[in-house]
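Chain letters run A, B, ... following the sequence lines, proteins first, then strands; residues in each count from 1.
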Number of protein chains: 2
Amino acid sequence: MQMTPMIESFVYHFGEMGSRWGFNRTVGQIYALLVISEQPLCANEIGELLGISRGNVSMGLKELGSWQLVQVSHKPGERREFYHSRGSIWDMANRVFEERRKREMDPTLSLLRDIMMDEAANPEEAFAQKRIAEIHDLLENITEWTQSLQSLSPEKLNTLMKLGSGVGKVLEFTDKFLGKKDPAKEA
Amino acid sequence: MQMTPMIESFVYHFGEMGSRWGFNRTVGQIYALLVISEQPLCANEIGELLGISRGNVSMGLKELGSWQLVQVSHKPGERREFYHSRGSIWDMANRVFEERRKREMDPTLSLLRDIMMDEAANPEEAFAQKRIAEIHDLLENITEWTQSLQSLSPEKLNTLMKLGSGVGKVLEFTDKFLGKKDPAKEA
DNA sequence: TTATTGTTTCAGAAATTTCTGAAAGTTCAG
DNA sequence: CTGAACTTTCAGAAATTTCTGAAACAATAA
C-alpha cells in the first residue's frame with residue numbers, strides 16, 4: 001500500500017469527518033485506509049502510512065472492533081495480525097446506523113421514559129412532561145422504523161430508496177386497496 | 001421558569017447528548033430549556049438557570065439560530081429579547097436531519113465525486129476508486145431518499161413509519177399491480 | 001446628547017479530548 | 001524455560017474545543 005495524493009485526500013477527509021460521524025480523526029483515517037486497501041494491513045504499516053504512533057493505532061483498531069467494522073486475518077507463517085474492513089458497503093452503513101442509534105437515541109429514550117413516569121410537581125413540570133412525551137414518541141417511532149428498515153434486504157431497501165417521494169403515491173394506492181385497514185388510523 | 005430535579009435531568013441530559021448530536025453542551029442545554037419552557041426566556045434568565053456566562057448564552061443562541069431552531073419574540077414595553085423553540089416536534093427533527101446532512105454528507109459526497117473524476121495512476125488507485133464509487137452511490141441514494149422523505153407530510157411519514165418492515169409487503173404488492181412499471185427499475 | 005439596558009465579540013483561561021511512547025503483556029518457537 | 005515478535009495499556013503531553021468576562025457595540029428614552 002502506498003499513499004498517493006488521491007488516497008491521501010480520501011483518508012484525510014475521512015479523518016476530518018470522523019468527529020461528525022462519532023469517532024475521532026485517527027479512527028476515521030484508519031478505517032478509510034482499510035476500506036480502500038485491497039490487501040489487509042498490519043498495525044505497523046497503518047501507523048507508518050498515517051504517521052501516527054503505534055499505541056494510537058492499537059486504540060483506533062480497538063474502537064473499530066467495537067463497531068464491528070474490522071476483520072482480523074493472519075498470513076501463514078506470520079505472527080502479526082492483518083486488518084481489513086469488514087462486510088459490504090451496506091453492512092458498513094448498517095453498522096454505523098446501529099452504533100449511532102445506540103449512542104444517540106437509546107440513552108435519551110430511556111431517560112425520557114423515566115421522566116414520563118414521574119409525577120408532575122407543578123404546572124411547569126406538567127407542561128414539560130407533555131413536550132417530553134411528544135419527543136419520546138417521535139424518537140421511539142424513528143427508532144423502531146429504522147430498526148425495521150435494517151431488517152429489509154438490500155434489494156428491497158434499494159427499491160424503496162429509488163421510489164423516493166413516490167412512496168407517497170404508493171401509500172395512497174395501498175390505502176385504497178386495503179380500504180378500512182388504513183395504517184395511518186391504526187396504532 | 002424554575003429548575004426542578006425533573007427539568008434538570010432533562011436539560012443536563014440534552015447537554016451531554018449534544019456532542020453526539022453535533023452541537024456542544026451549552027447549546028444542548030439551552031435548547032432543552034427552550035423546548036420545555038412554556039414561556040419564552042430572556043438571555044439573562046437562561047444564563048442564570050444554567051449557571052453559564054452571558055457570552056456563552058449569546059453564542060449558543062446564535063448557533064441555535066443558525067440551525068433555525070429558535071424564535072425571538074418581544075414583550076410590549078420591554079427592550080430585551082425573549083427566546084423560544086420554534087416549530088413542532090416534526091419541524092425540529094427535520095431541521096436536525098437537514099443540518100446534519102449538510103455537515104456530514106454533502107462535503108463527503110463532493111469529495112468522492114472529485115476523486116471519481118480523477119484518472120487512476122496504478123492498480124491500487126483503481127481498486128480504491130471502485131470502493132469510493134460504491135460509497136458515493138450509497139451515500140447519494142441515502143441523501144436523496146431522506147430528502148424526499150422530508151418533503152412528505154407528517155401524516156404520510158407517520159403512515160410509513162407505522163408500516164415498519166411491513167413496507168416490504170407493500171412493495172411486493174405494488175410490484176404485482178404495477179407489473180412492468182416496477183419502481184425499482186425506473187429513476 | 002447622555003444614560004440605561006440590553007446584546008455581541010473575542011482573547012485568553014479552563015476543560016476536554018486525543019496522541020505519544022515507554023513499559024507491561026501476550027504468544028509462540030526453540 | 002527464554003527470547004523474539006508482536007500487541008495493549010496508560011500516564012502525562014499536546015492539541016482542540018469550550019467557556020468566561022470585560023470591552024465594544026446597539027437601541028432607545030429622556
Side-chain angles (χ1 to χ4, degrees), chain A residues 11-34 39-67 70-84 103-104, chain B residues 11-34 39-67 70-84 103-104:
Chain A
V11 167
Y12 289 150
H13 178 86
F14 263 57
E16 270 145 44
M17 293 314 272
S19 60
R20 310 200 169 167
W21 278 91
F23 36 76
N24 68 33
R25 179 153 32 116
T26 321
V27 172
Q29 291 179 348
I30 295 177
Y31 189 56
L33 212 49
L34 296 181
Q39 263 76 45
L41 303 173
C42 72
N44 243 317
E45 193 173 0
I46 295 171
E48 275 164 29
L49 287 170
L50 299 177
I52 60 178
S53 75
R54 197 55 199 69
N56 201 1
V57 173
S58 174
M59 296 206 288
L61 287 169
K62 193 177 162 196
E63 171 82 1
L64 286 171
S66 82
W67 286 60
V70 285
Q71 210 163 19
V72 183
S73 61
H74 290 268
K75 287 191 189 173
E78 292 254 25
R79 198 178 305 163
R80 62 204 157 140
E81 303 184 302
F82 290 82
Y83 302 89
H84 203 221
R103 300 179 178 205
E104 300 176 352
Chain B
V11 167
Y12 289 151
H13 178 85
F14 262 58
E16 270 145 44
M17 293 314 272
S19 59
R20 309 200 169 166
W21 279 91
F23 37 75
N24 69 33
R25 181 155 29 117
T26 320
V27 171
Q29 291 180 348
I30 295 176
Y31 189 56
L33 211 49
L34 296 182
Q39 263 75 44
L41 304 173
C42 70
N44 242 318
E45 193 173 0
I46 295 171
E48 274 164 30
L49 287 169
L50 299 176
I52 60 179
S53 75
R54 199 54 199 70
N56 201 2
V57 172
S58 173
M59 297 206 288
L61 287 170
K62 193 177 162 194
E63 171 83 2
L64 287 171
S66 82
W67 287 59
V70 285
Q71 211 164 19
V72 183
S73 61
H74 290 268
K75 287 191 189 172
E78 291 256 24
R79 198 177 307 163
R80 61 202 159 143
E81 304 185 302
F82 289 83
Y83 302 90
H84 202 222
R103 300 177 178 206
E104 300 177 353

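- Within the 4.5 Å cutoff, no side-chain heavy atoms of Leu33(B) are placed close to those of Gln29(B).
- Residues that satisfy the ring pair (Phe, Tyr, Trp, His ring centres under 6.0 Å) test with Tyr83(A), not counting sequence neighbours, are absent from this structure.
- Using a distance-only test at 3.5 Å, with no hydrogens or angles considered, no donor-acceptor pair links the side chain of Arg103(A) to the main chain of Arg20(B).
- Among the atoms of the strands shown, only primed sugar atoms or phosphate atoms (P, OP1, OP2) are found under 4.0 Å from some heavy atom of Asn24(A).
- In this structure, Glu63(A) places its CD atom 14 Å from P of dT8(D), rounding to the nearest Å.
- For dT7(C), neither phosphate oxygen OP1 nor OP2 lies less than 4.0 angstrom from any side-chain nitrogen or oxygen of Lys62(B).
- Spacing between atom CG of Leu61(A) and atom P of dC6(D) amounts to 16 Å, rounded to whole angstrom units.
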Evaluate side-chain contact (heavy atoms from CB on, under 4.5 Å) for Phe82(A) paired with Lys75(A), printing each intermediate quantity in order.
-> CA-CA 8 Å; Phe82(A) 290 82; Lys75(A) 287 191 189 173; 3.9 Å; yes
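- Both Tyr83(A) and Phe23(B) lie close to DNA chain D; mapped to their nearest nucleotides by heavy-atom distance, the more 5′-ward contact belongs to Tyr83(A).
- Side-chain proximity of Ser58(A) to the nucleotides dT8(D), dT18(C), dG6(C) is greatest for dT8(D).
- Contact record, Ala32(B) with Val11(B): CB-CA, 3.8 Å, taken as the closest heavy-atom pair.
- If you take CD1 of Ile52(B) and P of dT7(C), they are 14 Å apart, rounded to a whole angstrom.
- The interatomic distance linking Glu78(B) (CD) with dT5(C) (C1') rounds to 11 Å, in whole Å.
- Of the candidates dT16(C), dT16(D), dG6(C), dT16(C) carries the atom nearest the Arg25(B) side chain, counting heavy atoms from C-beta on.
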Under 4.0 Å protein heavy-atom contacts per nucleotide of nucleotides 22-30 of chain D, with B for base, S for backbone only and - for none = -----BB--
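- Per the geometry, NE2 belonging to His74(B) stands 11 Å off C1' belonging to dT7(C), to the nearest Å.
- With DNA chain C read from its 5' end, the first of the two nearest nucleotides for Ser19(B) and Arg80(B) is the one closest to Arg80(B).
- Put simply, Thr26(B) has no side-chain N or O that comes within less than 4.0 Å of OP1 or OP2 on dT18(D).
- Taken over five-pair windows at either terminus, the axes of the helix from dT1(C)-dA30(D) to dG30(C)-dC1(D) are inclined to one another by 10° (rounded to 10 degrees).
- No side-chain heavy atom of His84(A) sits less than 4.5 Å from a side-chain heavy atom of Leu34(A).
- When the C1' atom of dC19(C) is taken as reference, atom CD of Gln29(A) falls 12 Å away, rounded to whole Å.
- Ile30(B) has its CD1 atom 11 Å from the P atom of dT8(C), to the nearest Å.
- Nearest heavy atoms, Glu104(A) versus Met17(B): O-CE, 3.4 Å.
- Ring centers of Trp67(B) and Phe23(B): under 6.0 Å apart, within the cut-off.
- Across Val70(B) and Leu61(B), no two heavy atoms sit closer than the pair CG2-O, 4.2 Å.
- Nucleotide dT20(D) holds its P atom 5 Å from the CG atom of Asn56(B), rounded to whole Å.
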